[in-house]
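Below is one structure, written out as structure tokens; comments come after it.
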Amino acid sequence: MARDLKQFYSFGKKIIGAGVNYRSLVAERNVAVPKQPILFLKPTTTYISEGQEIEIPPGYEVDHEVELGVIIGRKCKNVSPDEAENYIAGFCLALDLTATNLIKEARANGHPWTVSKGFDTATPVSEAIAKTTLSCHDDVRLWCSVNDVVRQDNTTADMVFSVKELVSFASKNMTLEPYDLILTGSPAGVGPIRPGDVVKAGLGSELSICFTVKK
Ligand SMILES: O=C([O-])CC(=O)C(=O)O
Ligand SMILES: [Mg+2]
């Protein structure tokens, strides 16, 4: 890739999220297992990197959602799951912060999730690691703690749709471009964060992040 993969968030044009993609979350919410990936878009103005603070807008109630992020390496359109691997440049660790009060209202009314997932600072990310650095993206530990209390702890093997199935499905619905990010969904245990909280997360032994919530 022409530019530094580590700073993918400076160059990416899209953040594509997959909703309710962990069996543990399906069970916790007592909802049906999705028959196909549920995709949504987040603006790239939601990105923050370590050193920046999460800011909860007035009137928002926000949940942490720890997720494996997949970074696209080259233009990708209509690829099969088996081909999808060739279009992945790397991975990152991300928080898909979500305003729960707003998403509940959107769900109840059949409205889009854009506002609940699109506020500034709603996508804290780690730097990226190259694909080859992560030996097994299909079974790697993913965890998140708030004030050092572990809230989410699972493995990517619990995904309903695998990384390559998500990339393939997304590529059949829109053109994927270099540095686009696919958020692959969050396991059970999502919960609220509040001003002053310290949110830590990890992916295997490869990546960890720490963000504070602005007071
Ligand atoms: O916020 C939600 O309910 C959907 C979502 O992004 C996830 O499951 O990761
Ligand atoms: Mg999510």
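Every number for a ligand or one of its atoms is a count from 1 in the order of the listing.
Below 30°, between 30° and 60°, or above 60°: for Tyr60 and Phe119 the angle between ring planes is above 60°, a perpendicular geometry. Relative orientation of the Phe8 and Tyr47 rings is perpendicular, given thresholds of 30° and 60° on the angle between their planes.
Taking a 4.0 Å cut-off on heavy atoms, Lys42 fails to register as neighbouring ligand 1. Not a single heavy atom of Gly17 sits under 4.0 Å from any atom of ligand 1. The shortest separation from a heavy atom of Ser116 to ligand 1 is not under 4.0 Å, leaving the residue out of contact. The shortest separation from a heavy atom of Tyr22 to ligand 1 is not under 4.0 Å, leaving the residue out of contact.
Nearest protein heavy-atom neighbour of atom 5 (C) of ligand 1: Glu65 OE1, 3.3 Å. Of all protein heavy atoms, the one lying nearest to atom 6 (O) of ligand 1 is Lys117 NZ, 2.7 Å. Looking only at heavy atoms of the protein, atom 3 (O) of ligand 1 is closest to Arg107 NH2, 2.6 Å.
Using a 4.0 Å cut-off to heavy atoms of Gly19, the atoms of ligand 1 that qualify are 4 (C), 5 (C), 7 (C), 8 (O). When each atom of ligand 1 is checked for a heavy atom of Glu67 under 4.0 Å away, the hits are 9 (O). Below 4.0 Å from some heavy atom of Trp113 lie the following atoms of ligand 1, by number and element: 4 (C).
A distance-only check finds no donor-acceptor pair linking the side chain of Lys200 to the backbone of Val146 [under 3.5 Å]. Asp197 places a side-chain N or O within donor-acceptor distance of the main-chain N or O of Arg194, the cut-off being under 3.5 Å. Within the 3.5 Å criterion, the main-chain N or O of Leu93 finds a donor-acceptor partner in the side chain of Ser126.
Contacts of Leu25 with ligand 1, taken as heavy-atom pairs under 4.0 Å, involve the side chain alone. Residue contacts with ligand 1 for Asp96 involve side-chain atoms from C-beta outward but no N, CA, C or O (heavy atoms, distance under 4.0 Å).
Side-chain polar atoms of Ser24 and Asn154 form a donor-acceptor pair below 3.5 angstrom. Under 3.5 Å, the side chains of Thr133 and Glu206 contain no donor-acceptor pair of N or O atoms.
Distances between N or O atoms of Val20 and those of ligand 1 include at least one value under 3.5 Å. For the pair Arg29 and ligand 1, the shortest N or O to N or O distance falls below 3.5 Å.
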Open item on the list: Test salt bridge (charged side-chain N to carboxylate O under 4.0 Å, His left out) on Glu65 and Arg151; report intermediate values, then the result.
Closed with: CA-CA 10 Å; Glu65 295 187 359; Arg151 298 249 191 103; over 6 Å; no

